[in-house]
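Presented below is the structure to which this report refers.
Computed over heavy atoms, backbone and side chain alike; hydrogens, waters and symmetry mates excluded.
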Amino acid sequence: MHEETEANRQLQVYHALRQALLDGELMPGQRLKIRDLAEHYAASTMPVRAALQRLVAEGALRSAPQRSVQVPVLRREEYQQLLSVRLALEPMAAAQALPRLTPDERAALGALVQRMASALGQQDAAEYLRGNADFHLRLYRACGNPVLLRLIEGLWLQVGPVFTQLFNDQRLHAGLNTAHEAAWAAIQADDSHALARAIHDDLADCGELLAHLLP
């Protein structure tokens with residue numbers, strides 16, 4: 001029973017940290033200490049250590065001194081390499097997902113576009129980033145291709161923390177939701193080509209902005 005509980009806690013901590021990376025809640029360069037995380041998640045150090053080791057093995061985190069791990073600091077060239085793969089995979093996943101979306105999933109995606117617009121209006125970066133990750137990954141998860149989805153989520157684990165850089169310049173706020181609105185219009189029109197193009201434009205536009213902000 002104890003081993004089962006530890007395994008469950010490990011999985012819970014893993015998914016919590018994974019979601020924090022996807023949502024951009026963890027900052028590039030941030031160190032994560034086992035004891036601090038154990039206290040935060042009300043767990044023993046063993047499941048926390050195992051969860052961190054799994055994320056390090058997946059490339060989402062990197063080992064750091066003093067029994068800690070670190071959120072990677074991506075350089076511009078590294079980010080652009082990841083972006084080039086995302087530009088190939090994510091529009092494909094979106095196009096494949098469109099005919100598989102249920103009415104409830106469509107409604108949820110529309111609500112997320114409104115949620116992001118509201119967050120931008122209030123300049124709530126954390127809420128926008130949560131909505132952004134939820135919109136993209138909720139859409140891609142309908143694609144019906146687990147291999148494609150696994151690749152995309154692995155890339156998002158690496159780039160999620162970088163998105164916080166978009167809010168270093170207040171001037172960037174206004175247009176961040178334009179491509180999402182275009183994607184939502186394409187979903188409503190059942191136009192897979194327009195949806196793939198909107199997703200491509202979203203990634204490319206954010207990539208261009210980040211290229212000027214990353215070292």
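- Sorted by first and then second residue, the pairs that involve residues 100-152 and meet ring-ring contact (aromatic ring centres under 6.0 Å, His included), not counting sequence neighbours, are Y128-F167, F135-H180, H136-Y140, H136-W156, H136-H180.
- Legend: residues meeting side chain to side chain contact (heavy atoms under 4.5 Å, CB included) with A204, ordered by chain and number and at least two apart, are L87, H200.
- Side-chain N or O atoms of N177 include one that pairs as donor or acceptor with a backbone N or O of V113 at under 3.5 Å.
- Residues satisfying the side chain to side chain contact (heavy atoms under 4.5 Å, CB included) test with A20, not counting sequence neighbours, are E25, L26.
- Rounded to the nearest 0.5 angstrom, L157 CG and L61 CG are separated by 8.5 Å.
- No more than 12 heavy atoms of other residues, nucleotides or ligands shown are found within 6.0 angstrom of CD on E39.
- Looking at residues two or more places apart in sequence or on another chain, you find no side chain to side chain donor-acceptor pair (under 3.5 Å) involving R75.
- Judged by distance alone, with hydrogens and angles left aside, the side-chain atoms of R9 form a donor-acceptor pair with the main-chain N or O of Y41 at under 3.5 Å.
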In sequence, state the C-alpha distance, the side-chain angles, and the governing distance for R54 and E58, and then conclude on side chain to side chain contact (heavy atoms under 4.5 Å, CB included).
CA-CA 6 Å; R54 182 174 174 182; E58 292 175 354; 3.5 Å; yes
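- Here E127 pairs with R115, R130 under the side chain to side chain donor-acceptor pair (under 3.5 Å) rule; sequence neighbours left out.
- Applying the side chain to side chain contact (heavy atoms under 4.5 Å, CB included) test to Q81 and every residue at least two apart in sequence or in another chain returns E77.
- Environment of CZ in R35: sparse, with no more than 12 heavy atoms of neighbouring residues, nucleotides or ligands closer than 6.0 Å.
- Under the 4.0 Å criterion applied to side-chain N and carboxylate O atoms, E153 and R141 are assigned as salt-bridge partners.
- Across I199 and A94, no two heavy atoms sit closer than the pair CG1-CB, 3.8 Å.
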Where do R197 and D191 land on the salt bridge (Lys or Arg N to Asp or Glu O under 4.0 Å) test, with the steps shown first?
CA-CA 10 Å; R197 185 166 59 250; D191 189 334; 5.5 Å; no
